[in-house]
Novice: 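Handing you this structure, nothing more for now.
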2 protein chains.
Amino acid sequence: MARARTGPEPQYLKVKNHLREGIARGHWVAGDLLPSEAALSLEFGLSRMTVNRALRELHQEGLVQRVQGVGSFVAQLERISATLTVRDVHEEIQQRGHRHEARVHRLTSVAASPAQAALLDVAPGQTLFHSLIVHMENGVVIQCEERLVNPQCAPDYLAQDFTRTTPTHYLLQVAPLSEARWSIESTLPSAQEARLLHIERSEPCLVLRRTTYSRGLAVTWVKLTHPGSRYFLQGSFQA
Amino acid sequence: MARARTGPEPQYLKVKNHLREGIARGHWVAGDLLPSEAALSLEFGLSRMTVNRALRELHQEGLVQRVQGVGSFVAQLERISATLTVRDVHEEIQQRGHRHEARVHRLTSVAASPAQAALLDVAPGQTLFHSLIVHMENGVVIQCEERLVNPQCAPDYLAQDFTRTTPTHYLLQVAPLSEARWSIESTLPSAQEARLLHIERSEPCLVLRRTTYSRGLAVTWVKLTHPGSRYFLQGSFQA
DNA sequence: CAGTGGTCTAGACCACTGG
DNA sequence: CAGTGGTCTAGACCACTGA
C-alpha cells in the first residue's frame, strides 16, 4: 500500500511536506498561525481545493488545528499518539516466518455468571460459549487466550477446529467488526495461566483485554495473557 | 474539535456513513467490491470529487482498500488498530481532576555508557543529561520516570524546575517532535524502582519505553515504570 | 479498449470569526 | 465588514488494470 507512484509527487503532497518540514524544523512552533489556504494557493500556484486537501490531511493527522473563520494553527503535541495494532496471533507469527500451533484446552458452552454476563452485556444465566486456547510460536507458548462468545452472533463457534483457524479470524468472518474496546495491563498469572504458559506464578504477564462489537451487539470478550519475558508491544509515531 | 456543525450533514459524510453502515451490517463483507466512484456519483447525485473524498477517507481509516484501475474493496480487518495515546502525566492526572506532584530524585549530567550511548545514537563517553523523577496522583506514586537527554537538543535541561513543569512538556517546547518509537512490556521492578514506587519487588509493572526524535536527532529516551496494580492503558476502536 | 481510481482546476456558496 | 475555513461542482487529464 505504500505509495508507489511512478509519476511526479502530487502537488498536495508538496504542500503537506512543506508545512510538515516547517513544523519539524521549528519554523512554526505549537500554537503558531500557519499561512491561510488563499496564501498557500498563491505561493504554490495551486487551486484552493488542492491546498485545502493538504491542510485537511494534516489536521486529520493531528498535526494542525483548524478553526473556521480564524485560521490554521500548529497543534499542541502534548499527547503522543501512535497506532497500536493488535494482529491475529497466527498472522503475526507467520509474518515472522515462524511456525504457529494452537492447543484447545476448552471449548464448551456455559451459563453466564453475573460477571461474565456483564462483560458481554447479556442476562446472567444465558448460554455463552467459552474457549481456552494456548498459542505457540515454534513450540514455545506465547499466548493464553481465554474467550467468551455470544452464541447469538456466532452460533457455530463450538463446531470450529481452532487448531486450523483462530477464533479471531473466524469471528471476524462471521460478525463484521464495528467497534472494540481494549485495555492493557501488567499482572501476575493465575495458577491455571501459569501452568498453561509454563511459567512461574511470580513471572509478570502482559495482559490484553478486548471486547468486540458488531451491529451494536457485544460479540466476544477475550483476555490474552503473554509471558512478560517473551512478549512486548511496539510501534512508532511519525510527524 | 468534535464536529459541531449547525447546518445539515455534509454530502460526503452521507456517502461515508452509507458505506460504513453497509459494511458494519454485513451488506458488503471483507474483500467485496464496492460501487465505483462513478456509480456512487449517480446514485447520490453528487460530483465525483465529493464521492472520492468519502472513499478516500474510508481508505485512510483502513476500512476500504483501493486499487487504481480495478476498484474499491472492503478491507480485510485481520488487524484491529486503535490509537494509543500517551499523554503527559501532568495533563492526564489533572484531567481526572486529581492533584499532580513530582519529586526529582536525580538531575545530573553523566558520561554516556556504551548502552546509554546506543539509546540516543551518540558516541560513548559523550555528556548526557540524566533525570529520575517520581510522579504522584493525589499523593500516591504512579510513575517512575527515568530519562536520558541529548544536551545538543536541550542545553538548559538541568536548569529546569521539574516540580513545576514536566520533562515531556519542556522538551516538546524546546525540540519539536518529529518521530517517536515506543514499546510496552511487563516486568518486575528494579530494587530502586520498587523503593521509589513503594511496591514489593514481586509486583509486576507496566513499562513504557520511548525514544523521541526531532529534526532527525534522538532528543530523549525515557522509561516510564508504573505499578501494575495502579495503572493500565485503555482505548477503543471505531468503524 | 472501457473502466477504474488519482489528481487538479476555477470557480461557487456558505458558516463562522474578529474587528 | 473582510478574511477564514467547509463544502461542492462539472469538468479535465492521467496512470493503471483487465479483457
Side-chain angles (χ1 to χ4, degrees), chain A residues 1-20 22-23 28 30-76, chain B residues 1-20 22-23 28 30-76:
Chain A
M1 269 323 75
R3 183 158 303 280
R5 291 178 57 80
T6 51
E9 184 181 46
Q11 302 298 321
Y12 78 92
L13 270 186
K14 287 185 184 158
V15 179
K16 264 183 89 168
N17 290 334
H18 172 255
L19 294 171
R20 215 202 295 269
I23 293 169
W28 296 291
D32 279 4
L33 179 64
L34 293 169
S36 71
E37 295 187 355
L40 288 167
S41 301
L42 279 175
E43 181 182 346
F44 284 85
L46 298 171
S47 77
R48 211 195 112 202
M49 269 300 276
T50 302
V51 169
N52 173 272
R53 174 167 177 185
L55 279 163
R56 179 157 33 85
E57 291 192 1
L58 288 172
H59 170 66
Q60 286 167 342
E61 292 165 20
L63 206 62
V64 164
Q65 181 75 0
R66 314 195 74 187
V67 184
Q68 195 173 85
V70 185
S72 302
F73 304 85
V74 179
Q76 305 284 344
Chain B
M1 265 324 75
R3 181 158 303 279
R5 293 179 56 80
T6 50
E9 183 181 46
Q11 301 300 319
Y12 78 92
L13 270 187
K14 288 186 185 159
V15 179
K16 264 183 89 169
N17 290 334
H18 172 254
L19 295 170
R20 216 202 292 272
I23 292 168
W28 296 290
D32 278 4
L33 178 64
L34 294 169
S36 70
E37 295 187 355
L40 288 167
S41 301
L42 280 176
E43 182 182 344
F44 284 85
L46 299 171
S47 77
R48 212 194 112 201
M49 271 301 275
T50 303
V51 169
N52 173 274
R53 176 167 176 185
L55 279 162
R56 177 156 36 84
E57 292 193 0
L58 288 172
H59 170 66
Q60 286 167 342
E61 292 165 20
L63 205 63
V64 164
Q65 181 74 2
R66 312 195 74 185
V67 184
Q68 196 174 85
V70 184
S72 302
F73 304 85
V74 178
Q76 306 284 344

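The shown structure was predicted, so the numbers you read here are calculated from the model rather than taken from an experiment.
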Novice: Quick one: closest heavy-atom pair of B:V64 and B:S72, and the distance?
Specialist: CG1-CB, 4.1 Å
Novice: When you get a sec, tell me which of D:dT7, C:dG5, C:dT9 is the closest nucleotide to the side chain of B:Y12?
Specialist: D:dT7
Novice: Considering only C:dT7, D:dG5, C:dT9, which nucleotide approaches the side chain of A:T50 most closely?
Specialist: C:dT9
Novice: With a 3.5 Å limit on both atom pairs, tell me what D:dA10 is paired to, counting Watson-Crick and G-U wobble, or say none.
Specialist: C:dT9
Novice: Does C:dG5 have OP1 or OP2 under 4.0 Å away from a side-chain N or O of B:S72?
Specialist: yes
Novice: Check the distance between D:dC8's P and B:L46's CG and give it to me in whole angstrom.
Specialist: 7 Å
Novice: Looking only at side-chain N and O atoms, does B:S47 come under 4.0 Å of OP1 or OP2 in D:dG11?
Specialist: no
Novice: Any luck finding a side-chain donor-acceptor pair between A:R48 and A:N52 under 3.5 Å?
Specialist: no
Novice: B:Q68 CD to C:dA2 C1': how many Å, rounded?
Specialist: 15 Å
Novice: Paired with D:dG18: which nucleotide, if any, by Watson-Crick or G-U wobble criteria at under 3.5 Å for both distances?
Specialist: C:dC1
Novice: If I take atom CD from residue A:E37 and atom CZ from residue A:R53, how far apart are they, to the nearest 0.5 angstrom?
Specialist: 14.0 Å
Novice: Under 4.0 Å: is that the gap between some side-chain N or O of B:R48 and OP1 or OP2 of D:dA10?
Specialist: no
Novice: Roughly how far, to the nearest 0.5 Å, is CG of A:L19 from CG of A:L40?
Specialist: 5.5 Å
Novice: To the nearest Å, how far apart are B:E37 CD and C:dA2 C1'?
Specialist: 16 Å
Novice: Separation of B:R66 atom CZ from D:dA15 atom C1', in whole Å?
Specialist: 14 Å
Novice: In terms of the nearest nucleotide of DNA chain D, which residue is placed more toward the 5' end: B:G69 or A:M49?
Specialist: A:M49
Novice: Rounded to whole Å, please give me the gap between CD in B:E9 and P in C:dC14.
Specialist: 20 Å
Novice: How many angstroms lie between CD in A:E43 and OG in A:S36, if you round to the nearest 0.5 Å?
Specialist: 10.5 Å
Novice: How many whole angstroms separate atom CG of B:L33 from atom C1' of D:dT17?
Specialist: 13 Å
Novice: If only side-chain N and O atoms of B:R53 are considered, is one of them under 4.0 Å from the OP1 or OP2 phosphate oxygen of D:dT7?
Specialist: yes
Novice: Need to verify one output field. Residue with the more 5' nearest nucleotide on DNA chain D, A:G71 or B:V51?
Specialist: A:G71
Novice: Please determine, for the side chain of A:S36, which listed nucleotide (C:dG6, D:dT7, D:dG5) has the closest atom?
Specialist: D:dG5
Novice: On DNA chain C, nearest-nucleotide positions of A:V70 versus A:Q11: which is more 5'?
Specialist: A:Q11
